[in-house]
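Single-structure report; data block below.
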Protein chains: 2
Amino acid sequence: MQGWEERLRSQGYRVTEQRADVLAAVLNLGHGTPEEILARVQVDSPRVNLSTIYRTLEVLEEVGLVTHAHLGHGSPTYHSVDEDLHIHLVCRSCGAIDSAPAVIAEPFCAALERDHGFSTDLGHMAIHGVCHACREDAAASRG
Amino acid sequence: MQGWEERLRSQGYRVTEQRADVLAAVLNLGHGTPEEILARVQVDSPRVNLSTIYRTLEVLEEVGLVTHAHLGHGSPTYHSVDEDLHIHLVCRSCGAIDSAPAVIAEPFCAALERDHGFSTDLGHMAIHGVCHACREDAAASRG
DNA sequence: GTATATGCAAAGGGTTTGCACGGTT
DNA sequence: AACCGTGCAAACCCTTTGCATATAC
């Protein structure tokens, strides 16, 4: 994570302590909702406000330092763009979130590109369904 | 769409005019957010309340007559389970929503099942990316 | 007649916005 | 010095909930 300051400045944004804090929190958490990121930032900087988190995440996303994915009903989850590209498997039964390497979706993305001219944003992809554990539980309870 | 009344009754729910109205609105619209469904229902039944829409959609989903998908930041979109199974392609640039037949995702789903024991709910799937038109615009503006 | 469903209004969670102050350039 | 970024509070949207009345069974 070098050059994030230049990344901001080159697009006309200023470098501030809060932006550094939010970026550090995202990197540190791996994944996080705005609330979770706020909590993390407030460990060291208690005065930072939630609205700053929202505004900062928007800027960091704009300049390409973070992205977000919608994993379900609630708040979006933010993560750094540096991480290994992965897709999220959301279990509708227990709510667990598994990760799968993005390459698993590559033939599928190729088909979308070929048939629909659609360029898929893999990092944003959340797949809903039922996880392994919950399927076993269901199978067991059926006898 | 026969037997929806029995579907409700068999699970202990009552058959009401509002439930009929909401189901009809969903079928009629094809897709719709709670607000859109309300607007449709209110054409004929102006007194129906938004909270009834939410409660009714929950019941109709419970008994398997409708499902919903999360297409982005806003409200979920409901549709009948009768429709051809399809996935949604959401353009992050213009917001357009395209549909693709679910079969296009079948090898991908098979891979998730094989490698992760994960059973995908195709109807719930929303894929984010950039649509054909926006990609052409972007290419054109680059010269 | 009894339990469920509805309308209404109020509360709730998450996100955005207006404004004055403070910090970066 | 000029402008952008921040904290704070209020506003906003979407969704849920409490309660009295109306309706299906």
Side-chain angles (χ1 to χ4, degrees), chain A residues 4-26 31-63 65-66 68-78 95, chain B residues 4-26 31-63 65-66 68-78 95:
Chain A
W4 61 271
E5 295 163 306
E6 289 66 34
R7 199 86 168 240
L8 283 167
R9 273 194 267 260
S10 70
Q11 308 215 24
Y13 294 107
R14 294 181 177 177
V15 174
T16 68
E17 197 170 333
Q18 288 90 334
R19 286 175 181 166
D21 289 348
V22 169
L23 183 55
V26 172
H31 294 280
T33 63
E35 290 278 358
E36 291 164 346
I37 293 164
L38 176 68
R40 180 74 189 214
V41 167
Q42 285 189 336
V43 170
D44 294 314
S45 312
R47 293 185 56 94
V48 172
N49 193 269
L50 184 53
S51 61
T52 298
I53 303 292
Y54 278 99
R55 289 190 274 227
T56 300
L57 287 170
E58 193 178 342
V59 169
L60 294 178
E61 185 154 31
E62 167 76 23
V63 302
L65 290 168
V66 305
H68 74 273
H70 292 276
L71 267 34
H73 294 236
S75 305
T77 297
Y78 285 81
Chain B
W4 61 273
E5 294 163 307
E6 289 67 34
R7 198 85 168 241
L8 282 168
R9 273 194 268 261
S10 69
Q11 308 215 23
Y13 294 107
R14 293 179 179 178
V15 174
T16 68
E17 197 169 333
Q18 288 90 336
R19 286 174 180 168
D21 289 348
V22 169
L23 183 55
V26 171
H31 295 279
T33 63
E35 289 279 356
E36 291 164 346
I37 293 165
L38 175 68
R40 180 74 188 215
V41 167
Q42 285 188 335
V43 171
D44 294 315
S45 312
R47 294 186 54 96
V48 172
N49 192 272
L50 183 54
S51 61
T52 299
I53 304 292
Y54 279 98
R55 290 190 273 228
T56 301
L57 287 171
E58 193 179 343
V59 169
L60 294 178
E61 185 154 31
E62 167 77 23
V63 302
L65 291 167
V66 305
H68 75 273
H70 291 276
L71 266 37
H73 294 236
S75 304
T77 299
Y78 284 81

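Small disclaimer: the values here were computed from a predicted structure and weren't measured. What you see below is based on every heavy atom in this structure, not just the backbone, and it leaves out hydrogens, waters and symmetry mates. Just so it is clear: chains get the letters A, B, ... in the order the sequence lines come, proteins before strands, and each one is counted from 1.
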Interatomic distance, A:E5 CD vs C:dG23 C1' [rounded to whole Å]: 16 Å

Separation of atom CD in A:E58 from atom C1' in C:dT17, rounded to whole Å: 12 Å

With B:H31 via side chain to side chain donor-acceptor pair (under 3.5 Å) - residues at least two apart: none

By side chain to side chain contact (heavy atoms under 4.5 Å, CB included) - contacts of A:T33 (at least two apart): A:E35, A:E36, A:S75, A:T77

DNA chain D contacts among residues 31-42 of chain A, heavy-atom distance under 4.0 Å: none

Note, B:W4 side chain near B:L60 side chain (heavy atom, < 4.5 Å): no

Protein proximity profile, nucleotides 1-11 of chain D - base contact B, sugar-phosphate-only contact S, no contact -, cut-off 4.0 Å on heavy atoms: --BBSBBB---

Set of residues satisfying side chain to side chain donor-acceptor pair (under 3.5 Å) with respect to A:S51, sequence neighbours excluded: A:N49, A:R55

A:T52 side chain vs A:V48 backbone, donor-acceptor pair below 3.5 Å: no

Side chain to side chain donor-acceptor pair (under 3.5 Å) against A:E61, all qualifying residues, sequence neighbours excluded: A:H68

Check: residues 17-25 of chain A side-chain donor-acceptor pairs under 3.5 Å, at least two apart:
from: A:R19; atom 1: NH1; to: A:R14; atom 2: O; distance (Å): 2.8
from: A:D21; atom 1: OD2; to: A:S45; atom 2: OG; distance (Å): 3.2

Any residue meeting side chain to side chain donor-acceptor pair (under 3.5 Å) with A:D44, in chain and number order, not counting sequence neighbours: none

